[in-house]
Amino acid sequence: MVDLRHFCLYNVTDTCAVWNVLSSKVLYQASIGARCEFCCTEFVLYECLYKPRTSPTDRDLELQRRLMQERRKSRFCVHSIDLDDLNEVGVLERRQKLSKGELSSTVFAKKTGQAFLTDDQTARRIAAGYLEDDRVQTTPQLFGWLILKGFLGDSDKDAVIEEHTRLGRPLGEYFGVMYLRALELRLAELTDDSACL
């Protein structure tokens, strides 16, 4: 079970996580306000902005525009990996069929001691065997942590889910689950505090 009381602020994101974090302006601004930082590898940047798409939608173009805008603000810094890192990518690649973006993000997160932010189930499973448990994070976990810590208010939940869903992203249901978990933790904290009075 995900522990919303802890969230690593420094994150190496894969492609899906880039899109999911940027899909809601409310979520993203709260993340920045909480001092979260996101970076990616050159492989992820290629998948996000330069990989040919047969027929990009308006939603795709909007997410790309947001990423380029944040890059101009020196956010979502891009890092290259060296030859030794590529060997690690090769080792991981033999374990499971993941994209170069996911693999390079996992390796770079381990090398730099950052968390790996992914919303892909297979990438999470592989990364959990490669990184420390608390170094594999998801966008819904980020959302729940922001709610728990007060960077997002209860009234922000619906706005985040609506913005995210409007851009065709698939995590609305999981945001709802994390919201309820954050409320449970808040209640448990209140109960613990009142027991001490």
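Along the sequence shown, the residues carry numbers beginning at 1. The structure displayed is predicted, hence computed values, not measured ones.
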Q: To the nearest 0.5 angstrom, please state how far the CG atom of Leu103 sits from the OG1 atom of Thr41.
A: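 Between atom CG of Leu103 and atom OG1 of Thr41 there are 9.5 Å.
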
Q: Is any side-chain heavy atom of Leu171 closer than 4.5 Å to a side-chain heavy atom of Thr139?
A: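 When only atoms from C-beta onward are counted, Thr139 and Leu171 do touch, with a gap below 4.5 Å.
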
Q: Using salt bridge (Lys or Arg N to Asp or Glu O under 4.0 Å) as the criterion, list what pairs up with Glu70, not counting sequence neighbours.
A: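 Per chain and number, Glu70 pairs via salt bridge (Lys or Arg N to Asp or Glu O under 4.0 Å) with Lys73, Arg75.
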
Q: How long is the gap from CG on Leu146 to OG on Ser31, to the nearest 0.5 Å?
A: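 If we round to the nearest 0.5 Å, Leu146:CG and Ser31:OG are 4.5 Å apart.
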
Q: What side-chain donor-acceptor pairs closer than 3.5 Å can you find for residues 175-187, not counting sequence neighbours?
A:
from	atom 1	to	atom 2	distance (Å)
Tyr179	OH	Asp154	OD1	3.3
Arg186	NH1	Asp154	OD1	3.2
Arg186	NH2	Ile147	O	3.0
Arg186	NH2	Asp154	OD1	3.4

Q: Check for me, please, whether Met68 and Phe43 land in the same ILVMFWY cluster - side-chain distances under 4.5 Å, paths through other members count.
A: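 Met68 does not cluster with Phe43.
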
Q: Are Val44 and Leu117 linked, directly or through intermediate hydrophobic residues, by side-chain heavy-atom contacts shorter than 4.5 Å (ILVMFWY only)?
A: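 In one cluster: yes.
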
Q: Within the structure provided, determine whether Val107 and Tyr130 are in side-chain contact (heavy-atom separation under 4.5 Å).
A: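 Side-chain contact under 4.5 Å: yes.
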
Q: Side chain to side chain donor-acceptor pair (under 3.5 Å) with Gln141: which residues, sequence neighbours excluded?
A: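 In terms of side chain to side chain donor-acceptor pair (under 3.5 Å), with neighbours along the sequence ignored, Gln141 is linked to no residue.
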
Q: Inspect the surroundings of CZ in Arg53 and state if more than 12 heavy atoms from other residues, nucleotides or ligands are less than 6.0 Å away.
A: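 Yes - once you tally the heavy atoms of other residues, nucleotides and ligands closer than 6.0 Å, there are more than 12.
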
Q: Does Val12 share a hydrophobic cluster with Tyr28, counting links as ILVMFWY side-chain heavy atoms below 4.5 Å and allowing steps through other members?
A: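 No, Val12 and Tyr28 fall in different hydrophobic clusters.
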
Q: Considering only residues two or more places apart or on different chains, which pairs with a residue in residues 111-121 satisfy salt bridge (charged side-chain N to carboxylate O under 4.0 Å, His left out)?
A: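 Checked against salt bridge (charged side-chain N to carboxylate O under 4.0 Å, His left out) - neighbours excluded - the pairs reaching residues 111-121 are Asp82-Lys111, Asp85-Lys111.
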
Q: Report yes if the side chains of Gln137 and Leu142 come closer than 4.5 Å at any heavy-atom pair, otherwise no.
A: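 Not in contact.
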
Q: Is a side-chain donor or acceptor of Thr165 paired with a backbone partner of Glu162 at a separation under 3.5 angstrom?
A: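 Checked: no pair found.
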
Q: So do the side chains of Thr118 and Ser105 get within less than 4.5 Å of each other, counting heavy atoms only?
A: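 A side-chain contact under 4.5 Å is absent here.
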
Q: Any heavy-atom pair between the side chains of Gln114 and Glu37 that's under 4.5 Å?
A: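 A side-chain contact is absent here, since even the closest heavy-atom pair is not under 4.5 Å.
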
Q: Show the nearest heavy-atom pair for residues Leu61 and Pro56, with the distance to one decimal.
A: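 That would be CD2-CB, 4.2 Å.
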
Q: So Val18 and Leu67, do their side chains get closer than 4.5 Å, heavy atoms only?
A: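 In contact.
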
Q: To the nearest 0.5 Å, what is the distance between CG (Asp58) and CG (Leu63)?
A: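 Between Asp58 CG and Leu63 CG, I get 11.0 Å after rounding to 0.5 Å.
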
Q: Please collect all ring pair (Phe, Tyr, Trp, His ring centres under 6.0 Å) contacts where either partner lies in residues 55-74, sequence neighbours excluded, each pair once.
A: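 Output for this query is empty, none listed.
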
Q: Sequence neighbours left out, what passes side chain to side chain donor-acceptor pair (under 3.5 Å) with Arg135? Give chain and number order.
A: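 None.
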
Q: Grab the two heavy atoms, one from Ser23 and one from Arg169, that are nearest each other, plus how far apart they are.
A: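 It is CB-CG, 3.5 Å.
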
Q: State, yes or no, whether a side-chain contact exists between Cys39 and Tyr10 at a heavy-atom distance under 4.5 Å.
A: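 Result no, sub-4.5 Å side-chain heavy-atom pair not found.
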
Q: Side chain of Glu102, backbone of Ala123: donor and acceptor closer than 3.5 Å?
A: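 Side chain of Glu102 to backbone of Ala123: no pair is present.
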
Q: For the side chain of Glu163 and the backbone of Val26, is there at least one donor-acceptor N/O pair under 3.5 Å apart?
A: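 Flag set: sc Glu163 to bb Val26 pair under 3.5 Å.
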
Q: Rounded at 0.5 Å granularity, tell me how far NZ in Lys25 sits from CG in Leu22.
A: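 Lys25 NZ to Leu22 CG: 10.5 Å, rounded to 0.5 Å.
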
Q: Run the numbers on Gln69 and Arg65 for side-chain hydrogen bond (donor to acceptor under 3.5 Å, both in side chains), then give the verdict.
A: CA-CA 6 Å; Gln69 180 179 342; Arg65 186 192 66 72; 2.8 Å; yes

Q: Please lay out, stage by stage, how Phe116 and Lys110 fare under the test side-chain contact (heavy atoms from CB on, under 4.5 Å).
A: CA-CA 8 Å; Phe116 172 41; Lys110 182 171 185 172; over 6 Å; no

Q: Can you tell me which residue pairs pass the salt bridge (charged side-chain N to carboxylate O under 4.0 Å, His left out) test with a partner in residues 4-24, sequence neighbours excluded?
A: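 Those involving residues 4-24 are Asp3-Arg5.
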
Q: Considering residues at least two apart in sequence or located in another chain, which fulfil the salt bridge (Lys or Arg N to Asp or Glu O under 4.0 Å) criterion with Arg71?
A: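 Here no residue qualifies.
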
Q: Which atoms form the tightest heavy-atom contact between Ser104 and Gly101, and what is the distance?
A: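 Nearest heavy atoms, Ser104 then Gly101: OG-O, 3.1 Å.
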
Q: For Asp60, enumerate each residue passing the salt bridge (Lys or Arg N to Asp or Glu O under 4.0 Å) test, keeping only those at least two apart in sequence or located in another chain.
A: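 Asp60 satisfies salt bridge (Lys or Arg N to Asp or Glu O under 4.0 Å) with no residue once adjacent residues are dropped.
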
Q: Find the distance between OG1 (Thr191) and CD (Glu189) and round it off to the nearest 0.5 Å.
A: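 Taking OG1 in Thr191 and CD in Glu189, the distance rounds to 10.0 Å.
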
Q: Is the shortest side-chain heavy-atom distance between Asn20 and Pro170 below 4.5 Å?
A: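 Answer yes - side chains close enough.
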
Q: With distance as the sole test, does Glu42 use its side chain to make a donor-acceptor pair with the main-chain N or O of Val78 at under 3.5 Å?
A: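 Looks like no, no N/O pair under 3.5 Å.
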
Q: Find the distance between CG (Leu152) and CD (Gln29) and round it off to the nearest 0.5 Å.
A: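 Those atoms lie 11.0 Å apart.
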
Q: Show me the pairs that pass ring pair (Phe, Tyr, Trp, His ring centres under 6.0 Å) and involve residues 45-81, at least two apart or across chains.
A: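 Found Phe38-Phe76, His79-Phe108.
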
Q: Out of Arg66, Arg59, Gln64, which one pairs with Glu62 under the side-chain contact (heavy atoms from CB on, under 4.5 Å) rule?
A: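 Exactly one pass, corresponding to Arg66.
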
Q: Among all residues two or more places apart in sequence or in another chain, which pass the salt bridge (Lys or Arg N to Asp or Glu O under 4.0 Å) test with Lys149?
A: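 For Lys149 there are no salt bridge (Lys or Arg N to Asp or Glu O under 4.0 Å) partners, ignoring immediate neighbours.
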
Q: Can you list the residues that meet the ring pair (Phe, Tyr, Trp, His ring centres under 6.0 Å) rule with Trp145, with sequence neighbours excluded?
A: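 Trp145 satisfies ring pair (Phe, Tyr, Trp, His ring centres under 6.0 Å) with Phe7, Phe151 once adjacent residues are dropped.
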
